[in-house]
Each structure stands twice: as structure tokens, then as C-alpha cells.
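What follows is a short report on a single structure.
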Amino acid sequence: MGQSHTHDHHHDGYQAPPEDIALRVKALESLLIEKGLVDPAAMDLVVQTYEHKVGPRNGAKVVAKAWVDPAYKARLLADGTAGIAELGFSGVQGEDTVILENTPAVHNVFVCTLCSCYPWPTLGLPPAWYKAAPYRSRMVSDPRGVLAEFGLVIPANKEIRVWDTTAELRYMVLPERPAGTEAYSEEQLAELVTRDSMIGTGLPTQPTPSH
Amino acid sequence: MNGIHDTGGAHGYGPVYREPNEPVFRYDWEKTVMSLFPALFANGNFNVDEFRHSIERMGPAHYLEGTYYEHWLHVFENLLVEKGVLTATEVATGKAASGKTATPVLTPAIVDGLLSTGASAAREEGARARFAVGDKVRVLNKNPVGHTRMPRYTRGKVGTVVIDHGVFVTPDTAAHGKGEHPQHVYTVSFTSVELWGQDASSPKDTIRVDLWDDYLEPA
């Protein structure tokens, strides 16, 4: 298996997989089906779930509700898993979730230095950069340098809290509500919440003056 | 184990590359590999700690060269042989030696229920907490050859317990068929200067790491 690795090292940091990998996967899948270990129809449903149903729009709804509903925000901060479940999101890789609230004094960001732990029910499957060595290696030792690569400069007087998600807790950042959004509906607010703002590598989209 | 997977604090990997409008799956084969995880997990073929430890035991060059879902494929091709679910010959040929030997647990009817329930590693009862929020603790200087979730960059360092998350399965034993040994998991806050020295780029900042009770001693 995998004897003919022909990795192309692209300038963009991605590597093309070995040409035979699709064949290896096909062979393994057909073997597992033949042995009665997996049902391909169930596997298709799993893929559809993470392609179309579970993703960062879920987390954006949680954030927007927390911005407009102080009682909900209090419940969410007290028990992230239960607060998220109130909006119907739960399950694999979000069984025990903790919400990290950004404030004027604290900016939170999470990383997994040992693998790629990530809160699937609210953010979906992680992007490639989250799973790659450059982010995983340096976020704990040089958070300000890494965040600058994301275009995010945190003021020197603000504490950055880097959460290394080494156990089975999953983290999600509750970003600060952008100024100038007093008239926004919950739905409009959710539109401002980016995936990266819930990881801590970005901020919510700032409102446009014409809104 | 002190493996290539333990990346915290390493240099030389270059800048973070972000692809605009990245698709959920880059290649079709990734969809198959991703969905094999819940399917095989449901059949009880491995636990998450065994899964992670299998990735950690990849050859270092192979680990760095391979993409995320290649790591997962490595697990299925190797851990399932180690566990006796498949034979090496079956993996090499893609043909079952003795036909159908099991029945899939993950069927279309239970996909939604399984994915929305998950499998929490939290437990109702376990070993008594030795530490409380506010305690100063030191991470043990241990270098186990087996699976652990004690990052190298924390070993011997002193921090403060800031959250007690309750009781969870211990990966160090669960990855090796030695039981769950539920115990408290804490978030321990370290200053960047404690971890990286006086030249730390962000002296105001803290790094918060989730650590099991067994990994710690009073400081």
C-alpha cells in the first residue's frame, strides 16, 4: 500500500495526496462492506450531514442569541453544552462544550497541539489550516504572531488566553458584539458572526454604515 | 509518547496558509474516510484514544507528509489489523478472507441519533479530586512511551487550576486496553513566561491546558 507516493509539494502549503490513495480507500471500503462492518448508505448520510447540516452557521445562531438574550447568555456560559442544545445542536465532538467569552480585557482563541480537536456541532468540520502544523505548533508559543497572520492585531493591554484543547472538552469563543448593531435583529446579527470569530482567529464582520 | 504529533512550541513549519472558500471535503475519498470513523466506532472496533494513539505511531515523515484524512486512513488500515478485525492480507488485497463476519451497527435509521448524541468521555464517578480551583500545580516530568495527553511543552511547568471540569476517562489507560480510570480533568493556566521564558513574545498572555489529575503534583 502506498508504495508509489508521488507528493507534489505546492507553493501554497498543500500537498497533493498520493495518486493511489483513492484506490486504497476504495479497496478498504469494499472490504469493510464485504465483511459486514459498515453500511455505505449510512456513511453517505454522515457525509451529507457534515456537508449540508452541521457547520458554522449553527454556532453563529448561538452567538447571536447570546448577544440579544442576557438570560440565554447566562445559561450558555454556565453550561455550554446545554445552552447550545437549546438551539438544537449537539453530539459528536461537542459532547462537553465550554463557551469562552471575549471581553474588553480578554481575547480567547483555541488550538489543539496534539491532534485537531474542534467543536463539530457548532462549527462543523475544521478547516485545513486548523489541522496543519503551522497553526498547531505556534499558537501556544506566539499567539500574537499567529493572529497577525490572520490580520488580527490584539491591543497590547488585552490578555490573550490560548486554550489548548488537549482533553475531551470542546471550546467555542463568544466574540464581543460589534458596536453599531443596536438596531440589528438576531438574524442580522448572526450574519456578522464568522467561523474564525468563534475560533478566536478573527472578529465578527463589522456592520456596514448603510445597514 | 514523545511523538511528532506533539507540535506545541515547535518551529520551522512556516506561516499559516488559509485557502479562501475551502470546501468541506477536498476529494471524494475524504468523504469515505471521514464517514468510516462513526461507522467503525459504532461497531465497537476501537475507542477514540486507540484511534489517536494509532495516528501518533505513524512514521514521523509519513505523519508530516500526509494530510489529515490520510492519518485516519492509516488508522483503519493498521489499527483494525492490530485489533484482529481485519488481516494484513485482507487490507492488501481488498478481499474478505471469510466473507461476511459482522453486521453494520450504523444504519441509515440511526445516523441522526448517533451524530446528535455522540459519546461523552465524562463519567458520573471517579477518583477524588486532589486539586481545587486556585491551586498551584506542577505538571509531572514524565515521558511515557505509550499514549498520553500531557503535551511536552507543559512538563515540569507550574500553573494555576482555573476550572475543574469533573470526571473523564483517562486516555493513558483507555488507549491500551487498561480501563477507563475516570478522574478529574482541570484547565490549568500557565503564563507565557513560565512556558517559554523571559523572551516570550506575549508576556501578558496565558496558555490554558486541559490536564488530568494524574498528570499533576502540588507546587
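Residue numbers begin at 1 in each chain, while the letters A, B, ... track the order of the sequences. Keep in mind that what you see is a predicted model, and the values were worked out from it rather than measured.
The aromatic ring centroids of B:F37 and B:W72 lie less than 6.0 Å from each other.
Within residues 4-14 of chain B, the residues having any heavy atom under 4.5 Å from a heavy atom of chain A are, by residue number, B:H5, B:D6, B:T7, B:G8, B:G9, B:A10, B:Y13, B:G14. Inspection of non-hydrogen atoms places no residue of residues 78-88 of chain A under 4.5 Å from chain B. Within residues 42-55 of chain A, the residues having any heavy atom closer than 4.5 Å to a heavy atom of chain B are A:A42, A:M43, A:L45, A:V46, A:V47, A:T49, A:Y50, A:E51, A:K53, listed by residue number.
Chain A forms the most heavy-atom pairs under 4.5 Å with one residue out of B:L195, B:I110, B:T187, and that residue is B:T187. By number of non-hydrogen pairs under 4.5 angstrom with chain A, the leading residue of B:G3, B:A39, B:P15, B:P38 is B:P15. With chain A as partner, the option from B:P23, B:A109, B:P171, B:A119 having the largest number of non-hydrogen pairs under 4.5 angstrom is B:A119. Taking chain A as the reference chain and counting heavy-atom pairs below 4.5 Å, the highest number among B:F41, B:Y69, B:F25 is found for B:F25. With chain A as the partner, the residue from B:L211, B:I207, B:T103 showing the most heavy-atom pairs under 4.5 Å is B:I207. Among B:E56, B:H71, B:R52, the residue with the largest count of heavy-atom pairs under 4.5 Å with chain A is B:R52.
The contact between B:I163 and chain A is made entirely by side chain atoms (from C-beta outward), counting heavy-atom distances below 4.5 Å. Of the atoms belonging to B:L80, it is side-chain heavy atoms, and not backbone ones, that fall under 4.5 Å from chain A. Proximity to chain A involves both the backbone and the side chain of B:T101, based on heavy atoms less than 4.5 angstrom apart. Neither the backbone nor the side chain of A:V111 has a heavy atom closer than 4.5 Å to any heavy atom of chain B. At a 4.5 Å heavy-atom cutoff, the contact between B:D112 and chain A is made by side-chain atoms alone. At a 4.5 Å heavy-atom cutoff, the contact between A:F150 and chain B is made by backbone and side-chain atoms alike. The part of B:Y153 that comes within reach of chain A is its side chain, from C-beta onward, which places non-hydrogen atoms under 4.5 angstrom from that chain. Heavy atoms of B:A200 lying under 4.5 Å from chain A are absent altogether. Of the two parts of B:V85, the backbone and the side chain both hold a non-hydrogen atom closer than 4.5 Å to a non-hydrogen atom of chain A. For B:F51, no part lies near chain A; criterion is any non-hydrogen pair under 4.5 Å.
A cation-pi arrangement is not found for B:K157 relative to B:F190, the charged atom failing to lie both closer than 6.0 Å to the ring centre and inside a 45° cone about the ring normal.
A:D164 and A:Y171 are not linked by any side-chain donor-acceptor pair at a separation below 3.5 angstrom, with hydrogens and angles left out of the test. Side-chain contact of A:D39 with B:T107: a donor-acceptor pair under 3.5 Å is absent, judged by distance alone.
In terms of heavy atoms, A:L147 sits closest to A:G200 at CD2-O, 3.6 Å.
Applying the side chain to side chain donor-acceptor pair (under 3.5 Å) test to A:D142 and every residue at least two apart in sequence or in another chain returns B:S201.
In terms of modelled atom types and a separation under 3.5 Å, the side chain of A:E34 and the main chain of B:K95 share no donor-acceptor contact. No donor-acceptor distance shorter than 3.5 angstrom exists from the side chain of B:E22 to the backbone of A:P127, with no hydrogens or angles considered.
Contact annotation: the side chain of B:L40 approaches that of A:V38 to within less than 4.5 Å [non-hydrogen atoms, C-beta and beyond].
The side chain to side chain donor-acceptor pair (under 3.5 Å) test with B:D205 is passed by exactly one of A:H107, A:K158, A:R144: A:R144.
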